[in-house]
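Throughout, protein chains are lettered first and strands after them, A, B, ... in sequence-line order, and every chain is numbered starting at 1. The figures here come from the full heavy-atom set of this structure, side chains too, leaving out hydrogens, waters and symmetry mates.
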Amino acid sequence: MKNKSLVSIDDYSKEDYLKIIDLAEEFEKNPVSDILKGKVISTLFFEPSTRTRLSFESAVNKLGGRIIGFTDAASSSVKKGESLKDTILTVANYSDLIVMRHPIEGSARYASEVSGVPVVNAGDGANQHPTQTLLDLYSIKKTQGTLENLNIFLVGDLKYGRTVHSLLMAMSMFNPTFNFISPKTLRIPDEYKIYLDSKGIKYYEHDDFTDYISEGDIMYMTRVQRERFADPIEYEKVKNSYILKNHMLEGTKDNLRILHPLPRVNEIDDEVDDNEKAYYFTQALNGVFTRQAIITSILGLK
Amino acid sequence: MSTENQVKKVSALRNGTVIDHISAKDLFNVISILKLDKIETQITFGTNLGSNKLGKKAIIKISEVFFKDEDINKIALVSPHAKLNRIKDFKVVEKREVEVPDTITGIVKCVNPKCITNNEKVRTKFTVIDKDNVSLKCHYCEKNTNHEDLIYNL
Ligand SMILES: [Zn+2]
């Protein structure tokens with residue numbers, strides 16, 4: 001992983017995932033040190049994403065590193081029409097590693113090819129967001145004690161949701177069973193089902209929350225967004241079918257944990273927040289340790 | 001009429017390359033992909049020739065030029081039935097069919113309007129994930145471009 005950019009979740013192998021998870025565990029026990037002392041990390045946010053940026057910046061600050069960069073394209077030379085290539089070449093001169101978020105798909109791969117320093121993709125449009133997937137894996141490992149043989153429910157927008165697609169691909173290395181709960185129009189794309197079939201992984205599709213959730217180990221919730229529906233009537237019909245309420249969690253397994261990439265809109269009822277099975281806020285904190293693990297291993301410090 | 005007779009019909013070639021069985025409608029794409037407009041030696045074209053398989057076919061004869069396999073294979077995307085003859089001293093010394101390559105650089109546009117290759121000056125690059133149906137996966141945005149969506153970037 002040393003000196004290698006992290007652009008897509010496929011850039012890492014199963015062993016790499018496990019290494020990051022082990023390291024994240026170490027950083028969770030010991031999140032403050034000066035291991036990044038003397039290192040400059042650029043955070044280039046060509047579109048704002050406060051949550052992701054703060055997580056990266058917190059990760060770096062706690063390890064004694066310095067941050068330079070910008071928080072949206074309007075405050076940078078990009079506004080003046082500078083090409084991505086020129087921005088990256090310039091910034092690479094000033095930093096040891098670049099974290100970037102950009103609305104254009106494939107921008108992070110391109111940046112990693114022109115940059116002299118490693119690039120960590122913090123989201124390139126609807127394409128990839130690998131650090132989110134790694135923090136999801138860490139959260140699953142931490143709550144379940146293992147990644148192997150888990151029953152995973154993916155709920156909501158399974159058609160467009162990049163986080164669920166990446167999570168599905170990564171978890172497929174650990175012999176899971178998947179249950180998909182989504183409106184008919186937002187079902188998991190065929191290419192993923194073909195992939196699961198080819199690996200002999202069991203999966204079930206449901207239109208609604210079912211009694212099957214009593215078998216789940218992980219319930220991964222996502223937003224069902226109005227703009228994904230061509231027909232607004234269709235949205236009105238389904239919008240309340242994918243809201244998780246506290247009473248639905250009765251009779252579920254003790255080890256079940258609810259995950260959500262955040263921000264949520266209304267897909268998890270507020271009353272669930274106090275349920276011990278709600279894990280989404282801790283999941284966000286895990287992002288800091290996971291990003292510490294990713295940055296230090298790419299810089300060859302761990 | 002045999003292929004060899006048709007080859008002769010356009011005009012005899014001493015040394016060079018004959019590309020046959022191009023479907024007539026793809027002739028100009030093939031010319032662009034192989035950058036034949038930049039070649040200074042003699043080139044002859046025949047088009048709207050009869051062919052049972054393709055409807056109307058086209059043929060190109062390029063004097064004194066021998067293409068690299070990787071260049072020739074680029075035309076497989078446009079004209080998968082094309083056949084290639086290398087000619088030395090008026091004789092066919094090698095016959096081959098074009099083959100869809102494993103990767104494609106340039107030539108084709110990515111179907112995704114939000115892809116970096118459609119937004120900045122970045123050359124496209126694809127992995128061919130299905131050779132029979134010509135399906136390409138973008139190296140950058142990771143979206144698939146299928147045969148029916150192919151737009152040439154010439
Ligand atoms: Zn693309």
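- Within 6.0 Å of the CD atom in Glu40(B), the count of heavy atoms belonging to other residues, nucleotides or ligands does not exceed 12.
- Heavy-atom pairs under 4.5 Å with chain B were tallied for Gly106(A), Ser107(A), Ala108(A), Ala126(A); the largest tally goes to Gly106(A).
- Ranked by non-hydrogen atom pairs under 4.5 Å with chain A, the options Asn118(B), Asn119(B), Thr117(B) are led by Asn119(B).
- Looking at Gln132(A) and Thr163(A), their side chains never bring a donor and an acceptor atom within 3.5 Å of each other.
- Note that Lys88(B) lies in the cation-pi zone of Phe66(B), set by a 6.0 Å cut-off to the ring centre and a 45° limit from the axis.
- Heavy-atom distances place the side chain of Lys143(B), and not its backbone, under 4.5 Å from chain A.
- Per-residue counts of heavy-atom pairs under 4.5 Å with chain A were compared for His139(B), Glu142(B), Lys121(B); the largest is that of Glu142(B).
- Between chain B and the options Arg109(A), Glu105(A), Glu113(A), heavy-atom pairs under 4.5 Å are most frequent for Glu105(A).
- Across every non-hydrogen atom of Lys109(B) and Thr145(B), the tightest pair is O-CG2, 4.1 Å.
- The shortest heavy-atom contact between Gly287(A) and Ser55(A) is C-OG, 3.7 Å.
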